[in-house]
Amino acid sequence: MDEGVRVRFAPSPTGALHVGGARTALFNWLFARHHGGRFVLRSEDTDRERSRPEWERAIMDALSWLGLDWDEGPDKGGPYGPYRQSERLDLYRAEAERLLARGDAYLCFCTPEELARRREEALAHGLPPRYDGRCRDLTAGERARLQAEGRRPVIRVRAPGAGTTVVEDLTRGAVAFDNDKMLDDFVILKSDGWPTYNFACTVDDHLMRISHVIRAEEHLSNTPRQLHLCRLLGYDPPRFAHVPMILAPDRSKLSKRHGAVAVEEFRAAGYLPEAIVNYLCLLGWSPGDDREIFTLEEAARLFTLERVNRTAAVYDVEKLTWMNGHYLRAADLDRLADLVEPRLAAAGLLDGERPDRPWLKRVLAAVRDRARTLAEIPDLVSYFFREPDTYEDKGVRKHFQPEAAGLLEEARAVLAGLEPWTVEAIEAAYRGLAARLGIAAGALIHPTRLALTGRTVGPGLFDVIYLLGRERCLERLERAVRFIRAGNPALVEAQQVGGKN
RNA sequence: GGCCCCAUCGUCCAGUGGCCUAGGACACCACCCUUUCAAGGUGGAGACUCGGGUUCGACUCCCGAUGGGGUCACCA
C-alpha cells in the first residue's frame, strides 16, 4: 500500500520559492519519505506571460539547498515525463478532444473583453460572476460565422448541473460544495491551445499516478472542478489534503511587501537550511509532543497528515532567527568556516588571502554564541582581521580614564614576555597582574578589550588576546596608551588613530 | 457579496469530556552564572472570541453570532 505513495510539488516558475511554497514542498517530501514513496517535481509553466526558465532553475536550487530532493522532475526525468507542462501540450489537447467528441466540452467564442464586461455587470447586480453558457449549444453554422469573425475559441467543459460535490479531504474531512454555486462551464484549453491550471493539473496528476495531492488551502475550492474533470475523463481521483496557509504578521497573504519571504533571500541573509526547514515543519504540524528541534530525517519518521492542523499560521521571523542561532551554535566548524569565508572576503576583511583554517575555526568558535545569522559574523570578527578604526564612545568614557594608560602599559609588559602563549597562561598572567596591582581583574580587562577590539563587548578577553597573537596585542595596547595620554577627547589625536570620535 | 475553511498566551505548537490550578517554544521581564555581550540555567507575566445548548461534568461535542482567512480569470 505504501509503495503506491506518489506525491508532487508543482510550482509555477513565475517567481522565487517563497516560504509558503517551501512549506508545501516540505510536507510533500516528508509524506513521501515517511511512506517510502516518490516525490515528483512538476513545473507548471502554462502561464506563458510570466513563466521563466530562470525561475524554474531558482526554485530547484532552493529546494536542493533546503535538502528536499525529488525522485522525478524536469531535470532528471522519470517514467511519467516530461515533467514540464509546456512539453505536454499534446497530452492536454488529446484529453480535451475526448471531452469534445463526447459533448462534455464545447468551443466558446466569447472574447476576454466580453467576458470581463459581463462579469462586471453580474457583480454590479450582486450576482455571482459565472459564465452564462451562451456558446453551449452553438450550431455548426454559428461556429463557422464566429470563426470567420476572426475569433479564436477556447474549450469549456460542461458543468455537472445540480447536485453536490464532496471533497474527502485528509486534513479537513468531508467538504461539500453545491455544484450550482461552485461549478460553471470553465475553460480547460485557452485560445492559444495551452491548458488552464485545473485541467493540466488534473490530467497530469492522473498520468503521473499521483496518489496524494498535498497543497495549500487556497486550492480547496478548486478541487470540485478537478473532481468533475476526473469524473468526465474516467480518472480515479487522487486523495486530497489541503494544508493551512502561511500568513504574514498582519494576517494577510504573504507577499514581497512583507520583507524577505523567498528562500533565496533567507539564504543570502545568512540562514541555514536546516533552520528554515525545521522552522517550517512547525508551521501547521507538530510531532505531538513538545519537541521543536529535529532533523529532516526525524521529521520524516514522525510525519503524518493526521497531525497537520487546520489553522492558518502567521510566520514569525523572530523565532526562525532564534532557531538559526541554535543551528549556528551546533554547526560543524569546518562547514561554518566554509560559509563564512566568502562573507569575510565580501566584507573586505581578507586582502585576498585565505586565513589559517584552524585559527579561523577558533575565532568562529569564540564568536558564534553572539550571532544569529551568518551575516552578523563579519562584523563580530572584524578586529581579528584589521585594527579597529574607532574606540566605542561610551567605552572611552568608562574605560579610558587617564589612569588606564598605566594599567595598559603594565599589561603590555606582561604580555611581551609571556611564555607559553596559551589562553591559560594569559589568564593567569592577567589575574596575577591585577592581584599585584591590588585592583579588580575587570579594571584591567575592560580597558584591554577596548584597546584591542575598539569595543566594549565581545568574547572572553583571554581568547581574544590569544587569537590576536602577541604582536598585534602589543601594538594595539601601545596605540591605546598614546590615545589616552593624548588626553582624549582630543579630536586631533583621535583622528590620528583613524577614528572619528 | 456568494461559496468554503478556520478560531487556545502577541506569535507558533500541545490539548481529542473529568489527568487543565490549560503544557512547551519564540519574544518580554527578573534572577543566577560571569571580565563585557552573548550563550546557558532558574523563575515570572501572558490565552481557551462571545452566546446558547448537550452532559453529573466542557478548551474539548452541537447550534448561532462575531472575527480572521481563502476562493469566485483564456493566473496558478
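Quantities reported herein were computed from a predicted structural model and do not represent experimental measurements. Throughout, protein chains are lettered first and strands after them, A, B, ... in sequence-line order, and every chain is numbered starting at 1.
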**Student:** Need to verify one output field. Residue with the more 5' nearest nucleotide on RNA chain B, Leu283(A) or Glu44(A)?
**Tutor:** Leu283(A)
**Student:** Determine the contact category for Glu218(A): base if any of its heavy atoms lies under 4.0 Å from a base atom, sugar-phosphate if only primed atoms, P, OP1 or OP2 are that close, otherwise nothing.
**Tutor:** sugar-phosphate
**Student:** Looking only at the side chain of Arg225(A) (C-beta and beyond, no hydrogens), which of the listed nucleotides U35(B), C72(B), G70(B) gets closest?
**Tutor:** C72(B)
**Student:** Taking any heavy-atom pair under 4.0 Å as a contact, classify Arg368(A): base, sugar-phosphate, or nothing.
**Tutor:** nothing
**Student:** Would you verify whether the NZ or CZ of Arg307(A) falls within 45 degrees of the ring axis of Phe303(A) while also being under 6.0 Å from that six-membered ring's centre?
**Tutor:** no
**Student:** Quick check on U36(B): is either OP1 or OP2 less than 4.0 Å from any side-chain nitrogen or oxygen of Lys398(A)?
**Tutor:** no
**Student:** Heavy atoms from C-beta onward define the side chain here; which of A39(B), C26(B), C74(B) lies closest to that of Leu115(A)?
**Tutor:** C74(B)
**Student:** At under 4.0 Å between heavy atoms, what does Gly288(A) touch on the DNA or RNA strands: base, sugar-phosphate, or nothing?
**Tutor:** sugar-phosphate
**Student:** Please determine if a side-chain N or O atom of Asn222(A) lies less than 4.0 Å away from the OP1 or OP2 oxygen of U71(B).
**Tutor:** no
**Student:** Has Thr46(A) got a side-chain N or O lying under 4.0 Å from the OP1 or OP2 atom of A76(B)?
**Tutor:** yes
**Student:** Take the protein atom NE2 of His258(A) and the nucleotide atom P of G69(B), then report the distance between them rounded to whole Å.
**Tutor:** 11 Å
**Student:** Identify whether any heavy atom of Gly460(A) sits under 4.0 Å from a base atom; if not, whether one sits that close to sugar-phosphate; answer base, sugar-phosphate or nothing.
**Tutor:** base
**Student:** Check whether the side chains of Arg301(A) and His34(A) place a donor and an acceptor atom closer than 3.5 Å, and report yes or no.
**Tutor:** no
**Student:** To the nearest Å, give me how far apart CG (Asp290(A)) and C1' (G24(B)) are.
**Tutor:** 4 Å
**Student:** Is any side-chain N or O of Arg370(A) closer than 4.0 Å to OP1 or OP2 of G40(B)?
**Tutor:** no
**Student:** Distance under 6.0 Å and angle within 45° of the ring axis: does Arg225(A) meet both against Phe186(A)?
**Tutor:** yes
**Student:** Applying a 4.0 Å non-hydrogen cut-off, can you work out what Cys110(A) is touching in the nucleic acid: base, sugar-phosphate, or nothing?
**Tutor:** base
**Student:** Closest approach to the side chain of Asp316(A), judged atom by atom: which nucleotide of U71(B), U11(B), G69(B) is it?
**Tutor:** U11(B)
**Student:** Can you tell me, in whole Å, how much space there is between the C1' of U55(B) and that of G17(B)?
**Tutor:** 9 Å
**Student:** Using the C1' atom on both, measure C50(B) against A58(B) and round to a whole Å.
**Tutor:** 16 Å
**Student:** Scan Ser286(A) against the nucleic acid and name what it touches under 4.0 Å (heavy atoms): base, sugar-phosphate only, or nothing.
**Tutor:** sugar-phosphate
**Student:** When we call it a touch if two heavy atoms are under 4.0 Å apart, what does Val187(A) touch: a base, just sugar-phosphate, or nothing?
**Tutor:** sugar-phosphate
**Student:** Is the distance between the ring centroids of Tyr271(A) and Tyr327(A) under 6.0 Å?
**Tutor:** no
**Student:** Could you report the tightest heavy-atom contact between Leu468(A) and Cys473(A), atom names first, then the distance?
**Tutor:** CB-SG, 3.8 Å
**Student:** How long is the line joining CZ of Arg215(A) and P of U71(B), in whole Å?
**Tutor:** 13 Å
**Student:** Would you say OH of Tyr315(A) has more than 12 non-hydrogen atoms from neighbouring residues, nucleotides or ligands within 6.0 angstrom?
**Tutor:** yes
**Student:** Could you tell me the separation between the NZ atom of Lys181(A) and the C1' atom of C4(B), rounded to a whole number of Å?
**Tutor:** 12 Å
**Student:** Look at Arg130(A) and G2(B) and indicate whether a side-chain polar atom (N or O) is within less than 4.0 Å of OP1 or OP2.
**Tutor:** no
**Student:** Using a cut-off of strictly less than 4.0 Å, decide whether Ser221(A) has a side-chain nitrogen or oxygen near OP1 or OP2 of C72(B).
**Tutor:** no
**Student:** For Arg449(A), report the nucleic acid contact type (base, sugar-phosphate, nothing); a contact means any heavy atom under 4.0 Å.
**Tutor:** base
**Student:** Could you state the CZ-C1' distance from Arg152(A) to C74(B), rounded to the nearest angstrom?
**Tutor:** 13 Å
**Student:** Using the P atoms only, state how far A22(B) lies from A45(B), rounded to an integer number of Å.
**Tutor:** 11 Å
**Student:** Classify the nucleic acid contact of Ala441(A) as base, sugar-phosphate or nothing, counting any heavy atom under 4.0 Å across all strands shown.
**Tutor:** nothing
**Student:** Write down the partner of G23(B) under the Watson-Crick or G-U wobble criteria, each distance required to be under 3.5 Å.
**Tutor:** C13(B)
**Student:** Rounded to the nearest angstrom, tell me the gap between atom CZ in Phe462(A) and atom P in C37(B).
**Tutor:** 16 Å
**Student:** By nearest heavy atom, map Arg372(A) and Asp463(A) onto RNA chain B; which one lands nearer the 5' end?
**Tutor:** Arg372(A)
**Student:** Could you tell me how the ring of His399(A) sits relative to the ring of His446(A): parallel (under 30°), tilted (30 to 60°) or perpendicular (over 60°)?
**Tutor:** parallel
**Student:** Applying a 4.0 Å non-hydrogen cut-off, can you work out what Arg291(A) is touching in the nucleic acid: base, sugar-phosphate, or nothing?
**Tutor:** nothing
**Student:** Check the phosphate of A76(B) against Lys190(A), side-chain N and O only, distance under 4.0 Å to OP1 or OP2. Yes or no?
**Tutor:** yes
**Student:** Indicate whether any N or O donor in one side chain lies under 3.5 Å from an N or O acceptor in the other, for Ser86(A) and Asp45(A).
**Tutor:** yes
**Student:** Could you give the CZ-to-P distance, from Phe240(A) to C5(B), as a whole number of Å?
**Tutor:** 16 Å
**Student:** Identify whether any heavy atom of Ala176(A) sits under 4.0 Å from a base atom; if not, whether one sits that close to sugar-phosphate; answer base, sugar-phosphate or nothing.
**Tutor:** sugar-phosphate
**Student:** Check the distance between A38(B)'s P and Glu376(A)'s CD and give it to me in whole angstrom.
**Tutor:** 13 Å
**Student:** Which value, in whole Å, describes the distance between the C1' atoms of nucleotides C13(B) and C63(B)?
**Tutor:** 29 Å
**Student:** Distance between the P atoms of G69(B) and C29(B), in whole angstroms?
**Tutor:** 30 Å
**Student:** Determine the Euclidean distance between corresponding P atoms of G44(B) and U36(B); express it in Å to zero decimal places.
**Tutor:** 26 Å
**Student:** With a 4.0 Å cut-off on heavy atoms, is Arg307(A) in touch with a base, just the backbone sugar-phosphate, or nothing at all?
**Tutor:** sugar-phosphate
**Student:** Under 4.0 Å: is that the gap between some side-chain N or O of Arg156(A) and OP1 or OP2 of C74(B)?
**Tutor:** yes
**Student:** What's His219(A) touching, base or sugar-phosphate or nothing? Going by heavy atoms closer than 4.0 Å.
**Tutor:** base
**Student:** Applying ring pair (Phe, Tyr, Trp, His ring centres under 6.0 Å) to Tyr197(A) and His219(A), what does each step give before you reach the verdict?
**Tutor:** CA-CA 11 Å; Tyr197(A) 164 71; His219(A) 291 294; 5.3 Å; yes
**Student:** Say you pick atom P in A65(B) and the same atom in C19(B); how far apart are they, in whole Å?
**Tutor:** 31 Å
